[in-house]
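Sequence positions, counted from 1, serve as the residue numbers for this chain.
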Amino acid sequence: MKQAILLIGMVIGAVSSLSGCGGGDGGSTTGSASSSPVASELTTSDDLVASAEFDFRVDREITVTIQGKSDQPGAYSIYYDYSHYNEEYDRYYPDSTTKIVTINGAATHIPVSINDNWKHLVVEWLPYSGKERELYQLVPISENDSYFIDMR
């Protein structure tokens, strides 16, 4: 009997607390959606007009040309952001989560698809042997479609 009364009390408590969460007018004035203006005329997508040149695209193709390449085997990686700048060596270290492409070091021209919202690219040279050290180059992005990078 005691358990039945306790159960009924819990059900009544749950129902009364849920009824207080309704979407009715509770008299609150903070954050009220009714204070914002309402458009008097609704438009549909059929009413929208854009110029023939309008495009939602923010990406474009560029070509990165590596100059001063090493004769040692290795790979180039291109990133669109860096994670750390070392003032002592004036070196930008790439953010590994922003890698765009990795390509064999024998390649000369690297096609890359970039986003126009990116500010720069970081080019990284990683030699396969310990005979050379890795190199990094920060490249500001502009309106150009071709970038020449000297990795010496």
Legend entry - Which atom of N117 lies closest to which atom of N115, heavy atoms considered: N-OD1, 2.7 Å

Legend entry - Minimum-distance pair of heavy atoms, taken over all atoms of Y147 and P140: CE2-O, 3.6 Å

Legend entry - Residue pair D150 / Q137: nearest heavy atoms and the distance that separates them: O-NE2, 2.9 Å

Inset, instruction - Would you mind reporting whether D81 and V122 have side-chain heavy atoms less than 4.5 Å apart? - result: no

Inset, instruction - Let me know which of Y93, Y82, Y89 forms a side chain to side chain contact (heavy atoms under 4.5 Å, CB included) with Y136. - result: Y93

Inset, instruction - Would you please say whether a donor-acceptor pair under 3.5 Å links the side chains of S142 and N144? - result: yes

Legend entry - Polar contact flag, side-chain donor to acceptor under 3.5 angstrom, H109-T65: yes

Legend entry - Within one Ile-Leu-Val-Met-Phe-Trp-Tyr cluster: I110 and V139, side-chain cutoff 4.5 Å: yes

Inset, instruction - Would you check if I62 and L121 make a side-chain contact, meaning some heavy-atom pair closer than 4.5 Å? - result: yes

Inset, instruction - I would like to know whether H120 and Y80 meet side-chain contact (heavy atoms from CB on, under 4.5 Å); could you show each step before the answer? - result: CA-CA 6 Å; H120 46 260; Y80 65 85; over 6 Å; no

Legend entry - P94 versus E124, closest heavy-atom pair with distance: CG-OE2, 3.9 Å

Legend entry - Contact check, side chains of H84 and D95, non-hydrogen atoms, under 4.5 Å: no

Inset, instruction - Would you check if there is a donor-acceptor pair between the side chains of Q72 and Y128 at a distance under 3.5 Å? - result: no

Legend entry - Flag side-chain contact, heavy atom, 4.5 Å: D145 against T63: no

Inset, instruction - I would like to know whether I114 and D59 meet side-chain contact (heavy atoms from CB on, under 4.5 Å); could you show each step before the answer? - result: CA-CA 5 Å; I114 66 167; D59 63 323; over 6 Å; no

Inset, instruction - Using the rule that two of Ile, Leu, Val, Met, Phe, Trp, Tyr join whenever any of their side-chain heavy atoms come within less than 4.5 Å, decide whether I149 and V101 are in one cluster. - result: yes

Inset, instruction - For residues V112 and E61, determine if any side-chain heavy atom of one lies less than 4.5 Å from a side-chain heavy atom of the other. - result: no

Legend entry - Any T97 side-chain heavy atom under 4.5 Å of K99 side chain: no

Inset, instruction - Report whether I141 and L138 are members of the same hydrophobic cluster (ILVMFWY, side-chain heavy atoms less than 4.5 Å apart, transitive linking). - result: no

Legend entry - Separation between CZ of R91 and CD of E134, rounded to the nearest 0.5 Å: 6.5 Å

Legend entry - Shortest non-hydrogen contact between S70 and W125, atoms and distance: CB-CZ2, 3.8 Å

Legend entry - Sub-4.5 Å side-chain heavy-atom contact between D116 and E143: no

Inset, instruction - Please name the pair of heavy atoms, one in S113 and one in I100, separated by the smallest distance, quoted to 0.1 Å. - result: O-CG2, 4.2 Å

Inset, instruction - Would you kindly confirm whether V123 and L135 end up in one hydrophobic cluster when ILVMFWY residues are joined by side chain heavy atoms under 4.5 Å apart? - result: yes

Inset, instruction - Enter the distance from K131:NZ to S129:OG here, rounded to the nearest 0.5 Å. - result: 5.5 Å

Legend entry - Parallel, tilted or perpendicular, as decided by the 30° and 60° cut-offs, for the rings of Y92 and Y85: tilted

Inset, instruction - Test side-chain contact (heavy atoms from CB on, under 4.5 Å) on T108 and I66 and set out the steps. - result: CA-CA 6 Å; T108 304; I66 306 292; over 6 Å; no

